[in-house]
Amino acid sequence: QVQLVESGGGLVQPGGSLRLSCAASGFTFSMYAMRWYRQAPGKERELVAAISSGGGSRNYADSVKGRFTISRDNAKNTVYLQMNSLKPEDTAVYFCNVVRRSSDYWGQGTQVTVSS
């Protein structure tokens, strides 16, 4: 079965950096685009970044462009989200996502808190 396990969240000061990881299993990782979403308290889940199956195409939400970088290692079945210049408004639970055979799969999420 599809499993997505996020890690790397934590508490960081404004201006700091974190790298999130999402380890995938149960499907042929290299064949699927991957996405990172986030959900802040009281808000809807929003798409943060997406990467194509081969890694050649990447897209970002306007709010994170120039600060976040999505990448993947198909040999390790892992997708990453490098987050720099973090702001308090980046505080959220971050989720990894894959759409496979018209079904959405999600990890359990990892909490990112940006606060001084």
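All figures in this text were calculated on a predicted structure; none of them were measured in a lab.
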> With Ser103, which residues qualify under side-chain contact (heavy atoms from CB on, under 4.5 Å), at least two apart?
Replying inline: Tyr105

> Residues in salt bridge (charged side-chain N to carboxylate O under 4.0 Å, His left out) with Lys65, at least two apart?
Replying inline: Asp62

>> Tell me which pairs pass side chain to side chain donor-acceptor pair (under 3.5 Å) where either residue lies in residues 91-101, with sequence neighbours left out.
In response: Arg38-Tyr94, Asn97-Asp104

>> Suppose we screen for side-chain contact (heavy atoms from CB on, under 4.5 Å). Which residues come up paired with Thr69, at least two apart in sequence or across chains?
In response: Arg58, Tyr60, Gln82

>> Considering only residues two or more places apart or on different chains, which pairs with a residue in residues 31-51 satisfy ring pair (Phe, Tyr, Trp, His ring centres under 6.0 Å)?
In response: Phe27-Tyr32, Tyr37-Trp106

> Of all heavy-atom pairs between Leu86 and Arg67, which one has the smallest distance, and what is that distance?
Replying inline: CA-NH1, 3.9 Å

Cut-off 3.5 Å, no hydrogens considered: what does the side-chain donor-acceptor table look like for residues 19-26, sequence neighbours left out?
none

>> Can you give me the closest heavy-atom contact between Ser30 and Ser53, atom names plus distance?
In response: O-CB, 3.3 Å

> Shortest non-hydrogen contact from Cys96 to Met34?
Replying inline: SG-CE, 3.6 Å

> Which other residues end up in the same hydrophobic cluster as Val99, if Ile, Leu, Val, Met, Phe, Trp and Tyr are linked when side-chain heavy atoms come under 4.5 Å apart?
Replying inline: none

>> Taking side-chain hydrogen bond (donor to acceptor under 3.5 Å, both in side chains) as the definition, give me every residue that meets it alongside Arg72, ordered by chain and number, with sequence neighbours left out.
In response: Asn74

>> Testing the basics here: between Ser116 and Pro14, what is the closest heavy-atom pair and its distance to 0.1 Å?
In response: N-CD, 3.7 Å

> Does Glu89 CD have over 12 foreign heavy atoms under 6.0 Å away?
Replying inline: yes

> With Gln3, which residues qualify under side-chain hydrogen bond (donor to acceptor under 3.5 Å, both in side chains), at least two apart?
Replying inline: none

>> For Gly10, is there any backbone N or O sitting under 3.5 Å from a side-chain donor or acceptor partner on Gln111?
In response: no

> Do side-chain atoms of Gln39 reach the backbone of Glu44 as a donor and acceptor pair under 3.5 angstrom?
Replying inline: no

>> On a heavy-atom basis, which atom in Ser17 and which in Ser85 lie closest, and how many Å separate them?
In response: OG-N, 4.4 Å

>> Tell me every residue that passes side-chain contact (heavy atoms from CB on, under 4.5 Å) with Ser115, counting only those two or more places apart in sequence or in another chain.
In response: Leu11, Thr113

> How many angstroms lie between CG in Leu81 and OG in Ser71, if you round to the nearest 0.5 Å?
Replying inline: 8.5 Å

> For Phe29, what residues pass the ring-ring contact (aromatic ring centres under 6.0 Å, His included) criterion, not counting sequence neighbours?
Replying inline: none

>> Hydrophobic clusters here meaning ILVMFWY residues chained together by side-chain heavy-atom distances under 4.5 Å, can you tell me if Phe95 and Val64 are in one?
In response: no

>> Run the side-chain contact (heavy atoms from CB on, under 4.5 Å) test against Asp73 and tell me which residues pass, sequence neighbours left out.
In response: Ala75, Lys76, Tyr80

> Can you tell if the side chain of Val93 reaches within under 4.5 Å of the side chain of Thr110, non-hydrogen atoms only?
Replying inline: no

